[in-house]
Amino acid sequence: MDHFLYRDGVLHAEDVPVADIAAAVGTPFYVYSTATLLRHFRLFDEALEGMDHLVCYAMKAASNQAILKTLGDAGAGMDVVSGGEYRRARAAGIPGERIVFSGVGKTADEIRTALEGGIRQFNVESEPEMEVLSAVALSLGKVAPITIRVNPDVDAKTHAKIATGKSENKFGIPIARARAVYSHAASLAGIEVIGIDVHIGSQLTDLAPFEAAYQKVADLTEQLRADGHTIRRLDLGGGLGIPYERTNAAPPLPTDYGAMVKRTLGHLNCEIEIEPGRLIAGNAGLMVSKVIYVKSGEGRDFLILDGAMNDLIRPAMYDAYHDIIPVIEPEAGAEQQPYDVVGPVCESGDTFAKQRMLPKLAADDLVAFRSAGAYGAVMSSEYNSRPLIPEVLVKGDQFAVIRRRPTFDEMINRDTIPEWV
Ligand code: LLP
């Protein structure tokens, strides 16, 4: 459920007409709903009630500081994967003890930044990383709390580019080698092992792969404890999918997920962390765009928008489906026709949808891409020298620009031309 509904014939973001935002900031833009963000965070928080837990929002999904502060003020922690994300989370007021640091290639500099600034734990992904982490921590006179990310060799049954839990993926250490790696970790003075981390992929629409992975984590917890290690925290990653196509069967709800976590891991008395990104932000955001031209091609009509693949890359990159709806509500029973919905970028890949049934649209009409809150703005680029598009946050009847559109000069003047050119 989200808070983007038609009212009086106009799409609203909570109590704000989307057309009003377009008039104020221009198109294209992203708009997020505070109520939806908070609702999704609380669903997870409540689903784990009864277990000691922390929901660490995977901020890679949507990392604007206004979003981070909204979630942080509600009690969320953050999962960060770079020094930049760590700094952004801290700038948004998230305390270090609520930040977990994931990622397969943390540099010594990034590790130092997090150790100096304060960190809940590092999710370590390899033995070389463990050695560097221990050395950096010792150089600062600290001991770094860690979990080790295990790769459970489970098929997440999702798009190949976002599956992470098979042995051929670059993530984590093979679960079969876990006992040896934990014993190596125990020998390093700058780190303290406190738990296990696992994350098998994103946009999972079935609980079975999660359950298979968590069962392996449960078994490993018992083995490692028998080996004498302290395992008191389990980080279960993110990955629960969202319904992109409203016609499809909906993925499991956070409550079903929470019940499964309790069933597979509850008896271990560990503190639980989860790292949802998409489920918190995905349906809390729209990308709004304007029709520039309607062009009649050979046997098809193209809807040419002012938004493009550089603004929302998911369709080009993952063949992702996003619902596209007109901002002005079509009359009941209005005639529909198929359109190829495209952007102005000079690539055929700049296609959002082919032969999508939509009501008849004309130049200057506004359309909204639903489910664009996660991995939308954060993955955008300036390809074709198109400035990054603004982000807007709505709360009730208020809205504010939370990242403004840069001017052309700001974009262009980042280049420098050496005098010898
Ligand atoms: N934790 C770790 C260690 C991760 O790598 C990820 C996502 C998450 C948590 C959050 O997963 P989520 O709950 O959002 O599924 N750009 C792609 C998705 C990439 C996901 C990368 N890792 C897309 O647009 O579909």
Side-chain angles (χ1 to χ4, degrees), residues 30 37 40-41 43-44 47 54-63 67 71 76-82 85-86 89 99-106 120-126 129 147-152 156-166 169-173 196-207 209-210 213 234-244 251-254 257 261 272-285 287 309 311-322 352 369 371-381:
Y30 279 97
L37 288 166
H40 291 159
F41 164 69
L43 280 176
F44 271 114
L54 183 66
V55 178
C56 294
Y57 168 60
M59 64 176 276
K60 63 167 77 67
S63 60
I67 292 174
L71 293 168
M78 296 290 148
D79 169 52
V80 309
V81 292
S82 70
E85 284 195 348
Y86 177 84
I99 301 178
V100 303
F101 202 146
S102 300
V104 72
K106 305 173 197 76
R120 180 178 182 81
Q121 101 228 357
F122 292 90
N123 295 331
V124 171
E125 298 224 15
S126 67
E129 179 194 338
T147 70
I148 298 176
R149 178 168 175 180
V150 294
N151 185 324
K157 300 203 166 57
T158 184
H159 191 284
K161 285 191 180 133
I162 53 177
T164 54
K166 285 288 284 173
N169 301 131
K170 69 183 175 185
F171 300 97
I173 54 148
I196 305 173
D197 172 42
V198 69
H199 169 80
I200 57 172
S202 194
Q203 186 53 17
L204 273 69
T205 51
D206 181 1
L207 288 183
F210 284 118
L234 302 176
D235 183 328
L236 305 179
L240 193 56
I242 61 171
Y244 280 97
L253 299 171
Y257 173 87
V261 168
I272 299 294
E273 284 167 359
I274 53 168
E275 303 169 347
R278 189 188 313 267
L279 206 141
I280 290 180
N283 281 326
M287 184 182 81
M309 64 187 290
D311 305 309
L312 176 63
I313 202 173
R314 302 195 66 259
M317 191 148 172
Y318 314 109
D319 298 315
Y321 178 99
H322 284 268
F352 292 117
F369 288 75
S371 315
Y375 307 110
V378 286
M379 294 182 77
S380 58
S381 75

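Order of listing sets the numbers, starting from 1, for every ligand and every atom in it.
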### Message
Return the closest protein heavy atom for atom 21 (C) of ligand 1 as residue, atom name and distance.
### Response
Lys60 CD, 3.8 Å
### Contact (N/O only, under 3.5 Å) between Tyr375 and ligand 1
yes
### Task
Go through ligand 1 atom by atom and flag the ones less than 4.0 Å from a non-hydrogen atom of Pro276.
13 (O)
### Ala61 versus Gly277, closest heavy-atom pair with distance
CB-C, 3.7 Å
### Message
Need the ligand 1 atom indices (1-based, order shown) with element for anything under 4.0 Å from a heavy-atom of Ala58.
### Response
8 (C), 9 (C), 10 (C)
### Query
Which residue holds the protein heavy atom closest to atom 17 (C) of ligand 1, what is that atom called, and what is the gap in Å?
Tyr318 OH, 3.1 Å
### Query
Between Ala61 and ligand 1, is there a nitrogen or oxygen pair with a distance under 3.5 Å?
no
### Task
Consider every N or O of Gly239 and every N or O of ligand 1, then say whether any pair is closer than 3.5 Å.
yes
### Task
Evaluate the ring planes of Tyr257 and Phe44, with Trp represented by its six-membered ring, and classify them as parallel (under 30°), tilted (30 to 60°) or perpendicular (over 60°).
perpendicular
## Note on the structure
Closest to atom 19 (C) of ligand 1 among protein heavy atoms sits Ile162 CG2, 3.7 Å
### Task
Start with the C-alpha distance between Val378 and Lys60, add both sets of side-chain angles, then the distance that settles side chain to side chain contact (heavy atoms under 4.5 Å, CB included), and finish with yes or no.
CA-CA 7 Å; Val378 286; Lys60 63 167 77 67; over 6 Å; no
### Query
For atom 3 (C) of ligand 1, which protein heavy atom lies nearest, and how many Å away is it?
Glu275 OE1, 3.5 Å
### Message
Testing the 3.5 Å rule here: is there a donor-acceptor pair between the side chains of Asn123 and Thr147?
### Response
yes
### Query
Once the angle between the rings of Phe101 and Tyr86 is folded into 0 to 90°, is it parallel (under 30°), tilted (30 to 60°) or perpendicular (over 60°)?
parallel
### Summary
Smallest heavy-atom separation, Tyr318 atom then Met379 atom, equals OH-CE, 3.2 Å
### Task
Only one of Val150, Asn151, Thr164, Asp79 passes side-chain contact (heavy atoms from CB on, under 4.5 Å) with His199; say which it is.
Thr164
#### Entry: Residue Met379 vicinity, atoms of ligand 1 by number, heavy atom under 4.0 Å
16 (N)
### Task
Using side-chain hydrogen bond (donor to acceptor under 3.5 Å, both in side chains) as the criterion, point out the one residue from Lys106, Lys170, Arg149 that pairs with Glu125.
Arg149
### Query
Taking atom CD1 of Ile280 and atom CG of Leu43, what is their separation to the nearest 0.5 Å?
9.5 Å
### Message
For atom 15 (O) of ligand 1, what is the closest protein heavy atom, and at what distance to 0.1 Å?
### Response
Ser202 OG, 2.4 Å
### Query
Going by heavy atoms, is Asp79 under 4.0 Å from ligand 1?
yes
### Summary
Checking heavy atoms under 4.0 Å, the part of His199 that sits near ligand 1 is side chain
### Within reach of ligand 1, part of Val81 (heavy-atom separation under 4.0 Å)
neither
### Query
Side chain, backbone, both or neither: which part of His159 has a heavy atom under 4.0 Å from ligand 1?
neither
## Note on the structure
Within the 4.0 Å heavy-atom cut-off, what Lys161 brings close to ligand 1 is neither
### Query
CD1/Ile200 to CD1/Ile162 distance, rounded to the nearest 0.5 angstrom?
12.0 Å
### Summary
d(Asp319 CG, Lys161 NZ) to nearest 0.5 Å is 7.5 Å
#### Entry: For Arg278, atoms of ligand 1 separated by under 4.0 Å from a heavy atom
12 (P), 13 (O), 14 (O), 18 (C), 23 (C), 25 (O)
### Message
Is the contact between Arg314 and ligand 1 made by the side chain, the backbone, both, or neither, using heavy atoms and a 4.0 Å cut-off?
### Response
side chain
